Amino acid sequence: MESDLVERLHGVYRDLHAHPELSFQEQRTAGIAAAWLRECGYDVIEQIGTTGVAGVLRNGDGPTVLLRADMDALPVPEATGLDYASRTDGVMHACGHDMHVTCLLGAAATLAATRGDWSGTVTVVCQPAEETAQGAAAMVADGLFDRIPRPDVVLGQHVAPIPAGVIGLRSGPAFAATDSLRVTLYGSGGHGSRPETTVDPVVMAAATVLRLQGIVSREVSGNDMAVVTVGALTAGTKYNIIPDEAELLLSVRTYDPAVRTKVLAAIERVVRAEAQASGAATQPRIEAVESAPAVVNDVAAVDRTRAALAGVVGAERVIDPGPVTGSEDVGVLADAAGAPLVFWLLGGADPSAFAGAADPAAMARIVAELPSNHSPRYAPVEQPTISVGVAALAAAARHWLGA
Ligand code: ZN
Ligand code: ZN
């Protein structure tokens, strides 16, 4: 990569990192991406599904490739101590989506600058609101694939705390399906000194949280993957008041649609049964707030792309990271386009942290100790992460485009 492009990308990355924007509020980020793509010669469409940006570079006959990045940040107060840390209180690029945008813009520039070497169409998509699993669906609902050519493949990457210079690529189910549920338990409040006159939603919530733990351990086969986490439990205001309601926020992860259906049904059964056991007069409310299907990488498309990624980092540095329990809505784009998906992990951890890690188990132990995505201390190293991320996207795209 040319050194002035690397220099510019470092500037873009630090600027995006310092100015994180929450889901569906990525106006500034989208503006930067749109301006960059126009300068590279792309036809640019803005405000798709709120802040989404699509760029199209037509370069003769041949296949169409879609490269995707997400743009949103998280409501996390940054604690990295970086000199380019967030300037917005309580908001941080804690999932590395600033890295995704930076690498996508670098790849878009690289492909535009080398257009004499390939033929076909490159489309790039900067999507909003990955963190709420709504952004890809919003762009599709706003007619994304009526406005840009339908791709023959969807390519993308997510930065992760594996060593920078390593790429994690997996065929088949790669990221879990996610379901976020809000459960409202209705009791009947009163004075804390007279619980016999109430139906206590705090006790109901506590019993429900514990009983939910039995779903994965007692109802899901040991051969299947599922996670049920109660991430928030809210009830009450004061020592001596029994409140009327309690609220639980749940995150559910699965790979297999049948397991997903089973787990969601079990959650509903447990919630309703615990309310009944408490003598609640009103049925609890269970709302599905966010949902994204599992990311399933197309086996043939992964095989085809692997050679391109190996050409960037070396075959021994393209590893199988195993299935990830994290989730991603990139699969929504591939499904809507009817195209195969290849989505990989981009190493972002300081390689020196892994010195002496001789085998995968040692590497996994170090990964477990490093700040991970969503941590207030998550800070990918700029290099070689940016250069590898740009080269990986550009090489994978070139591999699918015509000669
Ligand atoms: Zn995230
Ligand atoms: Zn993310």
Side-chain angles (χ1 to χ4, degrees), residues 13 16-17 20-26 29-30 33 51-52 67-80 86 88 90-105 125-139 154-162 164 167-170 174-180 227 229 231-232 249-253 289-295 297 321 323-334 341-349 367 370-381 385-386 389 392-393:
Y13 177 67
L16 293 177
H17 191 85
E21 296 172 299
L22 291 172
S23 305
F24 284 130
Q25 297 171 28
E26 308 90 340
T29 308
T51 62
L67 304 177
R68 175 271 201 180
D70 42 12
M71 301 189 286
D72 54 331
L74 284 161
V76 171
E78 181 155 354
T80 59
S86 171
T88 307
V91 183
M92 175 190 173
H93 265 299
C95 203
H97 299 184
D98 45 354
M99 183 63 77
H100 305 166
V101 174
T102 302
C103 293
L104 182 71
L105 297 181
V125 169
C126 293
Q127 76 153 74
E130 186 283 325
E131 292 295 349
T132 61
Q134 295 169 311
M139 288 189 80
V154 172
L155 304 170
Q157 57 190 356
H158 203 301
V159 66
I162 56 176
I167 284 172
L169 179 65
R170 183 177 176 81
F175 286 63
T178 179
D179 289 278
S180 299
V227 176
T229 289
L249 301 181
L250 275 64
S251 183
V252 180
R253 308 294 166 122
V289 182
E290 297 161 5
S291 177
V295 170
N297 277 332
V324 174
T325 54
S327 300
E328 250 293 341
D329 67 353
V330 64
V332 172
L333 296 176
L341 172 68
V342 184
F343 193 74
W344 59 87
L345 293 179
L346 172 68
V367 168
L370 292 172
S372 64
N373 304 63
H374 292 205
S375 159
R377 286 171 299 284
Y378 183 61
V381 290
T385 313
I386 292 175
L393 284 175

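These values consider heavy atoms only, across backbone and side chains, with no hydrogens, waters or symmetry-generated copies. Predicted, not measured: the structure shown is a model, and the values here were computed from it. In each ligand, atom 1 is the first atom listed, and ligand 1 is the first ligand listed.
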> Backbone N or O of H100 within a donor-acceptor pair of the Q157 side chain at under 3.5 Å?
Replying inline: no
N/O/S from H97 sitting under 2.8 Å away from the Zn ion (ligand 1):
no
Notebook entry, point to check: Do side-chain atoms of E26 reach the backbone of M71 as a donor and acceptor pair under 3.5 angstrom?
Noted result: no
Is a salt bridge present between R68 and E328, judged by a nitrogen-to-oxygen distance below 4.0 Å? yes
The atom of E131 among N, O or S that is nearest the Zn ion (ligand 1) is OE2
Restricting H158 to its N/O/S atoms, the closest one to the Zn ion (ligand 2) is NE2
### Message
Distance alone, cut at 3.5 Å: any donor-acceptor contact between the side chains of E78 and H93?
### Response
no
*Specify whether an N/O/S atom of H100 falls short of 2.8 Å from the Zn ion (ligand 2).*
no
